[in-house]
Amino acid sequence: MYRTHNNGALRLQNKGETVTLSGWVQKTRNKGFMVWVDLRDRYGITQLIFDEERSSKEAMAMASELGREFVIQVTGTVIERESKNPNMATGDIEILVAELTVLNSSLTPPFTIEDDTDGGEDLRMKYRYLDIRRKPVRQNLIFRHKVAMAVRNYLSEKSFVEIETPYLIKSTPEGARDFVVPSRMNEGQFYALPQSPQTFKQLLMVGGMDKYFQIVKCFRDEDLRADRQPEFTQIDCEMAFVTQEDILNTFEGLTKHLLKEINGVEVNDFPRMTYDDAMKRYGNDKPDIRFGMEFGELNEATQHREFNVFNQAELVVGIAVPGGNQMTRKEIDQLIDWVKRPQIGAMGMVYCRYNEDGTFKSSVDKFYTEEDMAEWAKITGAKAGDLICILSGATHKVRAQLSALRMELASRLGLRKSNEFAPLWVVDFPLLEWDEDTERFHAMHHPFTSPKPGQMELLKTNPADVKANAYDLVLNGNEIGGGSIRIHDKEIQSKMFDYLGFTPEEAKAQFGFLMDAFQYGAPPHGGIAFGLDRLVAILGGQETIRDFIAFPKNNSGRDVMIDAPAPIDQDQLNELHLKVIYN
Ligand code: ASP
């Protein structure tokens, strides 16, 4: 037997017991006549003591030779520590070792296996198995497991069935590029890895499975933005015989359950906001509603004077920064530089101080009166002591810019607290989205999303106004889930493909199987998918999803540990009927 207990288990009650422990050497302290070893495993650390008088000579000699990360097994007696360590669960005891076996030696690790390691990100990724020995990484993986279990239990309890769908499939349209896999047995043909199990889960509904879920890997070959992974995990769900309302209620339930179960937080408020409203009030379709700073539209209150920058703008919009009047001129100038950075792209920023004595002072004093500025304060909800920040320009750009500023200021002001949770539904998304590159409309969600009842007609006349039965679940300014009610009628689905620019042949080639299935009694259905990686990170109060993935890829999509992607040899290429041409 390798161990009778783990390294987090023993307490004073075990005093006098003979135990066997195994684990890794965290550190040793050698005083010649006595050697202490911290023995670590997944569960904790237990202190071992080797003593000239009470341990065997052999054990004593071996103990002095132990290096960091050696794997050892010891048998000894639990004794009470003279100097106890209240910061350690096992801090009251130590093991007086009688026998020591070295199970494996170890090279000196390239970074310290401590909570605060000296290893940089790259090094830790290359030796991820060592990184996983560190408590923060280990705890994150265990945390992820807990979230996944809570999801499984909850959904299973509600009669959802977890069903696996294939990974080697044909393209699924979630708007990204596919990863493809050449087929050896079918020359010149390729599988695609699923961007999501979308069509399969819809076919499961046709198959009568009613309530499906799956915790599943998805693959999207996108240009990687910070904190995106080419493979990621979704909690993918679909239900039949449901309206949007049923879906929102079900997954509101799941979200509340997770917040309660995992974070001990009871959420009562679960607001719903239309997409249009979210854009107007927060400039963003995933607003963080934990703090105010709502947008105030100032066109009417600014476009009656001689200030041309505002007069020419499609939208003039401001936010009130609580306590912002404390900022020095220099700090405000830095803020202006911040919005002018290319990543944000504002032309400039007008500010207005709302002084504690009730007077105003703005960067456009020349043009506006005190009454004008009092009106701005009213519209943006500013109070004495606040700073009003105003941007202007084309509506969609200016909203995005002010939204970025709002989030930045909220972070600086400490308003984005990781232990506070404010979920909401954003509903009534537009069905279509204009794509500048191809100069045509694309499905904003995916082509299976159904328009709101009665809006199919609008497609011809005002496509941009058509709203969909599509919704996103937003938590603390992050989209954690999104879904829709689907089209379940073959005719409407064909019309939609047609509208989105698929020829009937293309639609048949890509989605013929789905259209065929729709001829055999497809029930009304809809669903949602959550991004598990992000959800776990947010519940864990952290920002980076990579910290919650056992073996993540870096920002260039590489696995630096196994060194993938990598070339394959000529035989393999031949077998796959592939020829690599390098440009
Ligand atoms: N397949 C969608 C996605 O991956 C989710 C859904 O519509 O259920 O975003």
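What you see is a predicted model, and the numbers here were worked out from it, not measured in a lab. Basis for what follows: all heavy atoms, side chains included, without hydrogens, waters or symmetry-related copies.
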Open item on the list: Given Asp131, which partner from the list Arg124, Lys126, Arg138 fulfils the salt bridge (charged side-chain N to carboxylate O under 4.0 Å, His left out) test?
Closed with: Arg124
Task: Residues Glu575, Arg184: salt bridge by 4.0 Å N-O rule - done: no
Open item on the list: Quick check against the 3.5 Å criterion: does Gln202 have a side-chain atom that pairs as donor or acceptor with the backbone of Glu238?
Closed with: no
- [ ] Kindly determine whether Ile344 and Leu405 satisfy side-chain contact (heavy atoms from CB on, under 4.5 Å), including the steps that lead there.
- [x] CA-CA 8 Å; Ile344 309 294; Leu405 178 65; over 6 Å; no
Open item on the list: With a sphere of 6.0 Å drawn around NZ of Lys211, does it hold more than 12 non-hydrogen atoms of other residues, nucleotides or ligands?
Closed with: yes
Task: Test: Asp38 and Arg29 ion pair at under 4.0 Å - done: no
Open item on the list: Please report the interatomic distance CG(Asn7) to CD1(Ile45), rounded to the nearest 0.5 Å.
Closed with: 8.5 Å
Open item on the list: For a 4.5 angstrom cut-off between non-hydrogen side-chain atoms, does Leu532 reach Val147?
Closed with: yes
- [ ] Only one of Asp472, Val426, Val427 passes side-chain contact (heavy atoms from CB on, under 4.5 Å) with Tyr275; say which it is.
- [x] Val426
Task: Met239 and Thr250, any side-chain heavy atoms less than 4.5 Å apart - done: yes
- [ ] First locate atom CG of Leu66, then atom NZ of Lys27, and finally report the distance between them rounded to the nearest 0.5 Å.
- [x] 15.0 Å
- [ ] Decide if atom CG of Leu107 counts as having more than 12 heavy atoms of other residues, nucleotides or ligands within a radius under 6.0 Å.
- [x] no
TODO: Starting at CG of Leu475, measure out to CZ of Phe421 and round the result to the nearest 0.5 Å.
DONE: 6.5 Å
Task: CA sep, side-chain torsions, deciding dist, call: Lys84, Glu94, salt bridge (charged side-chain N to carboxylate O under 4.0 Å, His left out) - done: CA-CA 9 Å; Lys84 301 193 168 50; Glu94 57 193 348; over 6 Å; no
Open item on the list: To check you understand the geometry: which heavy-atom pair defines the closest contact between Lys256 and Val267, and what is its length?
Closed with: CE-O, 3.3 Å
TODO: Classify the side-chain pair Thr20/Thr4 by whether it contains a donor and acceptor separated by less than 3.5 Å.
DONE: no
Open item on the list: Tell me whether Arg486 contacts the main-chain N or O of Thr449 through its side chain, where contact means a donor paired with an acceptor under 3.5 Å.
Closed with: no
Open item on the list: Would you say CG of Asn419 has more than 12 non-hydrogen atoms from neighbouring residues, nucleotides or ligands within 6.0 angstrom?
Closed with: yes
Task: For the student: nearest non-hydrogen atoms of Ala529 and Asp236, plus distance - done: CB-OD1, 3.5 Å
- [ ] Report yes if the side chains of Asn14 and Val19 come closer than 4.5 Å at any heavy-atom pair, otherwise no.
- [x] no
Open item on the list: Any carboxylate oxygen within less than 4.0 angstrom of a Lys/Arg side-chain nitrogen, looking at Lys15 and Asp92?
Closed with: no
Open item on the list: Between Gln234 and Ser196, do the side chains contain a donor N or O and an acceptor N or O under 3.5 Å apart?
Closed with: no
Task: Note, Arg416 side chain near Arg290 side chain (heavy atom, < 4.5 Å) - done: yes
Open item on the list: Tell me the closest heavy-atom pair linking Leu514 and Phe448, and the distance in Å.
Closed with: CD2-CE2, 3.5 Å
- [ ] Indicate whether the side chain of Gln570 and that of Asn574 have a donor and an acceptor atom separated by less than 3.5 Å.
- [x] yes
- [ ] Go through the steps for Arg272 and Glu245 under the test salt bridge (charged side-chain N to carboxylate O under 4.0 Å, His left out), then give the verdict.
- [x] CA-CA 11 Å; Arg272 294 178 188 180; Glu245 192 60 29; 2.9 Å; yes
Open item on the list: When you compare the side chain of Val137 with that of Ile132, does any pair of heavy atoms fall below 4.5 Å?
Closed with: yes
Task: Ile215 backbone acceptor or donor facing Glu162 side chain under 3.5 Å - done: yes
Open item on the list: Between Tyr282 and Asp288, is there a side-chain donor-acceptor contact under 3.5 Å, judged purely by atom types and distance?
Closed with: no
- [ ] Measure the spacing between CZ of Phe548 and CG of Asp533 and express it to the nearest 0.5 Å.
- [x] 10.5 Å
Task: Validation row: Leu21, Leu10 side chains within 4.5 angstrom (heavy atoms) - done: yes
Open item on the list: Less than 4.5 Å apart, side chain to side chain, heavy atoms only: is that true for Ser106 and Trp24?
Closed with: no
Open item on the list: I want to check something: taking the side chain as every heavy atom from C-beta on, are Phe200 and Ile169 in contact at a cut-off of under 4.5 Å?
Closed with: yes
Open item on the list: Run Met125 and Met561 through side-chain contact (heavy atoms from CB on, under 4.5 Å) and show every step you take.
Closed with: CA-CA 6 Å; Met125 287 302 150; Met561 182 182 66; over 6 Å; no
Task: Worked verdict on Leu473 versus Phe270 for side-chain contact (heavy atoms from CB on, under 4.5 Å) - done: CA-CA 10 Å; Leu473 184 54; Phe270 215 117; 3.4 Å; yes
Task: Any donor-acceptor N or O pair under 3.5 Å, side chains Arg81, Ser83 - done: no
TODO: For Ala176, check side chain to side chain contact (heavy atoms under 4.5 Å, CB included) against everything at least two apart and list the hits.
DONE: Gln195, Arg220, Glu222
- [ ] Measure from the side-chain N and O atoms of Asn478 to the backbone N and O of Asn476, and report whether any donor-acceptor pair falls under 3.5 Å.
- [x] yes
TODO: Give a yes or no answer on whether the side chain of Gln401 reaches the backbone of Gly345 with a donor-acceptor pair at less than 3.5 Å.
DONE: yes
Task: Atom pair CZ (Phe160) and CG (Leu254), whose distance is rounded to the nearest 0.5 Å - done: 8.5 Å
Task: salt bridge (charged side-chain N to carboxylate O under 4.0 Å, His left out) assessment of Lys170 paired with Asp178 - done: CA-CA 9 Å; Lys170 230 164 42 169; Asp178 291 317; over 6 Å; no
For residues 537-546, please give each side-chain donor-acceptor pair under 3.5 Å, one per line with the distance, not counting sequence neighbours.
residue	atom	partner	partner atom	Å
Thr544	OG1	Asp547	OD2	2.9
Arg546	NH1	Glu121	OE2	2.6
Arg546	NH2	Asn555	OD1	2.9

Task: Sidechain-backbone polar pair: Lys201 side chain, Phe213 backbone, donor-acceptor under 3.5 Å - done: no
TODO: Using side chain to side chain contact (heavy atoms under 4.5 Å, CB included) as the criterion, list what pairs up with Leu96, not counting sequence neighbours.
DONE: Ile49, Asp51, Arg54, Ser55, Ile79
Task: Heavy-atom closest pair, residues Ala98 and Ala59 - done: O-CB, 3.9 Å
Task: Contact summary for Phe241 and Asp246, nearest pair of heavy atoms - done: O-OD2, 4.3 Å
Open item on the list: Would you call the rings of Tyr127 and Tyr129 parallel, tilted or perpendicular, taking 30° and 60° as the class edges?
Closed with: perpendicular
Open item on the list: Distance check, rounded to the nearest 0.5 Å: Arg68 atom CZ versus Arg40 atom CZ?
Closed with: 9.5 Å
TODO: May I have the step-by-step check of side-chain contact (heavy atoms from CB on, under 4.5 Å) for Ser484 and Asn469, ending in yes or no?
DONE: CA-CA 6 Å; Ser484 62; Asn469 272 324; 5.6 Å; no
TODO: Over all heavy atoms of both residues, which pair between Asp41 and Gly8 is shortest? Give the atoms and the distance, please.
DONE: OD1-N, 4.4 Å
